[in-house]
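Report on the following structure.
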Amino acid sequence: MTDTALTAQHRELLDQVLDKWSLQVLDALCAQPLRFNELRRAIPLVTQKSLTTALRRLERNGMVARVVTHTRPVAVEYRITEVGRSLQGLIDALLHWATVTLPDVEHARARFDAELPG
């Protein structure tokens, strides 16, 4: 790392942004604002509880805004904030890296697993 030491606050923030579901929520919301069920469809494997937890965490950290629309019936929409949008390039880079590197990782895993005793 450069001049900045990895503090407990850094680790906490990175853990919350880079967790399994938060990264996917941010990626989906960078494309467009979505309602809760639209997000669930965009991330098919996420459970309702996990999505709720990720959205609350991202909202608390200022990366996602929860917007209540005054329509009938009242609806809630989630939108990326400027802080969240500032992660878009990093998210795209991470997803690209994962796609390009995955064959090498799978090969390394297979080699490692084959060498395990027994």
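We count residues from 1, following the sequence as given. Just the heavy atoms: all of them, side chains too, but no hydrogens, waters or symmetry mates, feed the values below.
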Give the C-alpha distance, both sets of side-chain angles, the deciding distance and a yes or no for side chain to side chain donor-acceptor pair (under 3.5 Å) between Thr53 and Ser50.
-> CA-CA 5 Å; Thr53 300; Ser50 294; over 6 Å; no
Shortest non-hydrogen contact between [X] and [Y], atoms and distance:
X     : Y     : result
Thr47 : Arg40 : C-NE, 4.3 Å
Arg11 : Leu6  : NH1-O, 3.1 Å
Ala28 : Leu39 : CB-CD2, 3.9 Å
Gly62 : Val83 : O-CB, 3.5 Å
Val74 : Thr69 : CG1-O, 3.5 Å
Glu38 : Pro33 : OE1-O, 4.5 Å

Is there a side chain to side chain contact (heavy atoms under 4.5 Å, CB included) between Ser22 and Leu58 once you walk through the steps?
-> CA-CA 7 Å; Ser22 295; Leu58 292 168; 4.0 Å; yes
Take atom CZ in Arg85; do more than 12 heavy atoms of anything else shown fall under 6.0 Å from it?
->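 Correct, the count exceeds 12.
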Contact between [X] and [Y] at the side-chain level, heavy atoms closer than 4.5 Å - yes or no?
X     : Y     : value
Leu55 : Arg66 : no
Val64 : Leu29 : yes
Trp21 : Thr52 : no
Tyr78 : Val67 : no

Does a side chain donor of either His10 or Thr7 reach within less than 3.5 Å of an acceptor in the other side chain?
->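 The answer is yes; a qualifying pair exists.
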Begin from the C-alpha positions of Asp27 and Asp92 and carry the test side chain to side chain contact (heavy atoms under 4.5 Å, CB included) through to its verdict.
-> CA-CA 8 Å; Asp27 187 46; Asp92 291 346; 4.1 Å; yes
Contacts table for residues 103-118: side-chain donor-acceptor under 3.5 angstrom, sequence neighbours left out:
none

Quick one: do Glu77 and Arg79 make a salt bridge, cutoff under 4.0 Å?
->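 A salt bridge is present here (some side-chain N lies under 4.0 Å from a carboxylate O).
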Please step through side chain to side chain contact (heavy atoms under 4.5 Å, CB included) for the pair Val76 and Arg35, ending with a clear verdict.
-> CA-CA 6 Å; Val76 175; Arg35 292 183 180 183; over 6 Å; no
I'd like to know if the side chain of [X] and the backbone of [Y] have a donor-acceptor N/O pair within less than 3.5 Å.
X     : Y     : answer
Thr81 : Met63 : yes
Asp19 : Asp15 : no
Gln88 : Gly84 : no

Are Leu45 and Leu34 linked, directly or through other ILVMFWY residues, by side chains that come within less than 4.5 angstrom of each other?
->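 Result: yes, single cluster for both.
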Can Ile91 be reached from Leu102 by stepping across I, L, V, M, F, W or Y side chains whose heavy atoms are under 4.5 Å apart?
->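 They do not share one cluster, since no chain of ILVMFWY contacts under 4.5 Å joins Leu102 to Ile91.
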How many angstroms lie between atom NE2 of His96 and atom OG1 of Thr101, to the nearest 0.5 angstrom?
->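 It is 8.0 Å, given to the nearest 0.5 Å.
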Could you grab the distance from atom CG of Leu51 to atom CD1 of Ile43, nearest 0.5 Å is fine?
->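 Between Leu51 CG and Ile43 CD1, I get 6.0 Å after rounding to 0.5 Å.
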